[in-house]
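So you know, we letter chains A, B, ... as the sequences are listed, proteins then strands, and number each from 1.
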Amino acid sequence: MIRLEKINRIFQVGDQQVRALNDVDLTISSGEYLSIMGPSGSGKSTLLNILGLLDQPSSGKYQLDGRDTTQMDDEQLARIRGRKIGFVFQFFHLIGRLSAAENIELPLILAEEAPVTRKPKVQEILHRVGLEDRANHRPDQLSGGQRQRVAIARATITRPDVLLADEPTGNLDSVSGAEVIQLMETLNDSGLTVLIVTHDPNVGDRAPRKIKMIDGAIVADTTKRADEAA
Amino acid sequence: MRLPDLLQLASGALLRRGARAGMILLAMAIGVAAVIVLTGLGEGARKFVSDEFSSLGTHLLIVIPGRAETTGAGATLIVGETPRDLTLDDARALGRSHAIEKYAPLVVGSASVSYLGLDREVPVLGSTAELLEVRNWKMARGRFLPAGDIDRAQSVAVIGAKIERELFADTHALGKWLRLGDRRFRVIGVLSSEGRAIGIDVEELVIVPVASAQMLFNSASLFRILVQARSRDEMPAAKKFILATVARRHQGEEDITVITQDAVLKTFDTIFVALTMTLGGIAAVSLLVAGILVMNVMLVAVSQRTEEIGLLKAIGARSQQVQRLFLTEALLLSFGGGLLGLVLGYGGAWFLGIVYPTLTFMPPWWAVAAAMVTAIFSGLFFGMLPARRAAKMDPVRALRGG
C-alpha cells in the first residue's frame with residue numbers, strides 16, 4: 001500500500017530551480033498493475049525513484065505500508081529497498097563479471113542470507129523466468145530479453161511487494177519486450193504490485209490503471225473496468 | 001555481508017581488472033620486499049660484526065682479584081678486608097660449571113730472556129694450553145703449551161715473532177734452549193703476528209706454563225683468570241657461578257671482579273639495530289607510495305563502476321556495505337602485494353646469501369611484521385577515501401552513470 005501526498009521534488013540546476021514533481025498525490029493498492037506514461041521530462045522517472053526510495057521528495061508525505069518514509073535515515077531506506085521493492089531498469093544494470101545466477105543472488109547476499117537457503121531460491125526463480133539453462137552465462141552471453149528476465153529475477157528474489165520498472169522494454173525488440181511484459185504480468189497475477197514507466201503506448205495500454213504525467217503533475221489517472229480489460 | 005561473500009565479490013572485481021591490479025600488487029610487493037632485503041642487510045651486517053667480535057672472545061669473562069668498590073665505615077672504624085689471592089685451585093674450581101667452556105689462569109711478570117749472550121727484558125705470561133683458544137692466537141711454527149696437569153712446571157716456552165728475530169737472528173728458535181731469569185726453557189713454538197690481542201703485543205711475549213711462571217716469580221697468586229663462556233647467553237650464568245664459587249672458596253667474601261667484553265658489543269648492537277631500522281624506514285616509504293597507487297586504482301575503479309554502485313544501492317545495499325566492499329578490494333590488493341613481497345623479499349635475501357656467502361641475510365622478524373602491517377595499513381588508509389566516495393554516491397545519479 002503506497003500513499004503519496006503533495007509530493008514535490010525540486011532540483012537545483014545552476015541558480016535555477018526545476019520543479020520535477022508538483023504536488024503529486026497518488027495511492028496505489030497492493031497487487032495493482034499500473035503504467036505511468038508521459039513525455040520526456042514529465043517527471044515520471046523522478047516519481048519512480050521516489051516511490052523506490054532511491055530519491056527523497058523535497059516536500060510532501062510518502063507512506064509505505066502505513067509508515068512515513070520521509071522520516072527514515074539512509075540505512076532504513078536501504079533495508080526497505082532490499083526487502084519490499086524490486087527495480088527493473090531500461091539498461092538492465094547487470095554486473096558484467098557475474099553470471100546470471102550470481103546477479104540474481106546479489107540481493108540475498110546483501111541481505112546476509114546463508115548460502116544454503118540462497119541457492120534453492122535462485123534455482124526456483126531461474127526456473128520461473130525460464131533461464132535454468134543460462135544460469136552460468138554472463139550477461140554478455142545473453143540476449144537483451146534474457147538479460148531483462150535475469151534483472152526481473154533479481155528484482156523479485158527477495159519477494160518484494162512492489163516491482164518498479166523504468167522503461168523495461170525500451171532497449172528490447174518487440175518480441176522479447178512482449179515476453180518481458182508477460183513475465184511481469186504473471187508476477188502481478190500472483191499478487192505483486194507492478195508499476196511500469198514507459199514511452200510505449202502498446203506497453204502502457206496493457207495496464208488496467210494508466211497514469212499520464214505532464215510537467216511534473218498527474219493529468220490523468222484512468223482505470224479500466226474489468227469488462228474492458230478483457 | 002558475510003565474509004566469504006565479501007571476499008568473493010571483492011576478489012572477483014579485482015581479477016577482472018587483471019593487469020592494473022597486478023601492477024599495484026607488484027608495487028606493494030616491491031615495497032615489502034625492499035624492507036625485507038634492506039633490514040636483512042642491516043641485520044646481516046650486525047651479525048657479521050658480532051661474529052668478528054666473537055672471534056676476539058665475546059664470550060670472554062676476565063676474573064680479577066680485588067673488588068672495585070668502596071667498603072668500610074669511614075675513618076672512624078677500620079674494617080679490615082684484605083683481598084685474597086686468586087690461586088690455581090680457584091681456577092680449577094671454575095671448570096666445574098657447564099656454562100664455562102674453558103678457562104686460562106694467567107700469571108704476568110717481567111723477566112730478562114737471554115740466548116747466546118743476547119739479553120732482553122720481556123713480559124712473561126704464565127698460562128695453560130687453553131690460552132691459545134681463549135685469546136684466539138695463532139701459531140707461526142711449532143706448538144703451544146702442552147695440555148695436561150696445570151701444576152706441572154715444564155720447562156718449555158712459546159715466544160713472539162719479534163723475540164725470535166731479535167735473539168735468534170736468522171736461525172730458527174724451535175728446539176733451542178733459552179734462559180728466562182734463572183731457569184732454562186726449551187722453545188717449542190713461535191706465535192704468529194697475525195693473532196689478535198687487545199692490549200698485548202703478541203710479537204714481544206714469552207709464554208710459559210703457569211706453574212713454571214709461579215716458580216719463576218716465586219708467587220702462588222694469579223694475575224687474572226680468563227674464562228670463556230659456552231655462549232653469549234650463558235655469560236650471566238657463568239659470571240654468577242664465578243662470583244659464587246670464588247666467594248665460597250674465600251670464606252664467603254666476594255673479593256674478585258668479573259668484567260666482560262659484552263658491553264662493547266652491546267654498543268655495536270645498538271648502532272646496527274638503529275642502522276637496520278633506518279634502512280627499513282627508508283624502504284617503508286615505498287610502501288606509502290604503493291598505498292597511494294592503491295588509492296589511485298581504487299578511485300578509478302569507483303568511477304568506472306558508478307552504475308554498479310547505484311545498482312547495489314537500488315537492490316538494498318547499505319552505504320556501509322558498499323564502503324566495505326571497496327575497502328576489501330583495497331585490502332586484498334595490499335595484503336596480496338604484501339604476501340608477494342614476502343616471497344620476493346625472502347627470495348632476494350636467499351639469492352644475496354648465495355652471492356655473498358660471508359654475510360647472512362636474515363631479515364629480523366619485527367621488520368617483516370612491520371612491513372606487512374604497514375602494507376595492510378596503507379591499503380586500509382588509502383583505500384578509505386575511494387570507498388567512502390563510493391558509499392556516499394547518490395543512487396539515482398550513480399545509476400545514470402554519474
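Considering only heavy atoms from C-beta on, A/Asp25 comes within 4.5 Å of A/Lys6 through its side chain.
Of all heavy-atom pairs between A/Ser42 and A/Met213, the closest is CB-O, 3.4 Å. Closest heavy-atom contact between A/Pro139 and A/Leu94: CG-CB, 3.9 Å. A/Phe87 and A/Ala155 get closest at one heavy-atom pair: O-CB, 3.3 Å. Closest approach of A/Leu21 to A/Gly43, counting heavy atoms only: CD2-O, 3.5 Å. Heavy-atom minimum distance, B/Val35 versus B/Thr39: O-OG1, 2.7 Å. When all heavy atoms are compared, the tightest approach of B/Ser286 to B/Gly31 is OG-CA, 3.2 Å.
For A/Arg83, no part sits under 4.5 Å from any heavy atom of chain B, backbone or side chain. No part of A/Phe91 comes within reach of chain B, as not one of its non-hydrogen atoms sits under 4.5 angstrom from that chain. Contact annotation for A/Ala114: both backbone and side-chain heavy atoms come within less than 4.5 Å of a heavy atom of chain B. Using a 4.5 Å cut-off between heavy atoms, A/Leu164 does not touch chain B at all. In this structure, chain A has no heavy atom under 4.5 Å from any part of B/Leu15.
Aromatic ring pairs are classed by plane angle as parallel below 30°, tilted from 30° to 60° and perpendicular above 60°; the pair A/His93 and A/Phe89 is perpendicular.
Counting heavy-atom pairs under 4.5 Å between each of B/Met1, B/Arg2, B/Arg16 and chain A puts B/Arg2 at the top. Contacts with chain B were tallied for A/Arg79, A/Arg154, A/Arg97, A/Glu112; A/Arg97 has the most, counting heavy-atom pairs under 4.5 Å.
No more than 12 heavy atoms of other residues, nucleotides or ligands lie within 6.0 Å of CZ in B/Phe351, so this atom counts as exposed by the packing criterion. Within a 6.0 Å sphere centred on CG of A/Asp215, heavy atoms belonging to other residues, nucleotides or ligands number 12 at most. Surrounding CG of A/Asp74 are at most 12 heavy atoms belonging to other residues, nucleotides or ligands under 6.0 Å away. Open room surrounds CZ on B/Phe377; 12 or fewer heavy atoms of other groups in view lie less than 6.0 Å from it. Within a 6.0 Å sphere centred on CE of A/Met72, heavy atoms belonging to other residues, nucleotides or ligands number more than 12. Surrounding CD of B/Gln8 are at most 12 heavy atoms belonging to other residues, nucleotides or ligands under 6.0 Å away. Heavy-atom neighbours of A/Gln16 CD from other residues, nucleotides or ligands within 6.0 Å: at or below the threshold of 12.
Among residues 378-396 of chain B, the residues having any heavy atom closer than 4.5 Å to a heavy atom of chain A are, in sequence order, B/Asp394, B/Pro395, B/Val396. Against chain B, the residues from residues 45-57 of chain A that qualify, each with a non-hydrogen atom under 4.5 angstrom away, are A/Asn49, A/Leu54, A/Asp55 in number order. Using non-hydrogen atoms only and a strict 4.5 Å limit, the part of residues 308-342 of chain B facing chain A consists of B/Glu308, B/Leu311, B/Leu312, B/Lys313, B/Ala314, B/Ile315, B/Gly316, B/Ala317, B/Arg318, B/Gln321. Taking 4.5 Å as the heavy-atom cut-off, the residues of residues 101-109 of chain A that approach chain B are A/Glu102, A/Leu106, A/Pro107, A/Ile109, ordered by number.
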Side chain to side chain contact (heavy atoms under 4.5 Å, CB included) between A/Val180 and A/Val88, worked out: CA-CA 11 Å; A/Val180 162; A/Val88 174; 5.8 Å; no
Intermediate values then yes/no, side-chain hydrogen bond (donor to acceptor under 3.5 Å, both in side chains), A/Ser59 and A/Asn8: CA-CA 5 Å; A/Ser59 69; A/Asn8 286 284; 3.2 Å; yes
Side chain to side chain contact (heavy atoms under 4.5 Å, CB included) between B/Ile30 and B/Leu26, worked out: CA-CA 6 Å; B/Ile30 287 171; B/Leu26 197 62; 4.3 Å; yes
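With A/Ser143 contributing its side chain and A/Gln146 its backbone, the two residues share a donor-acceptor pair below 3.5 Å.
Salt-bridge check for B/Glu43 with B/Arg46: passed, with a basic side-chain N closer than 4.0 Å to an acidic carboxylate O.
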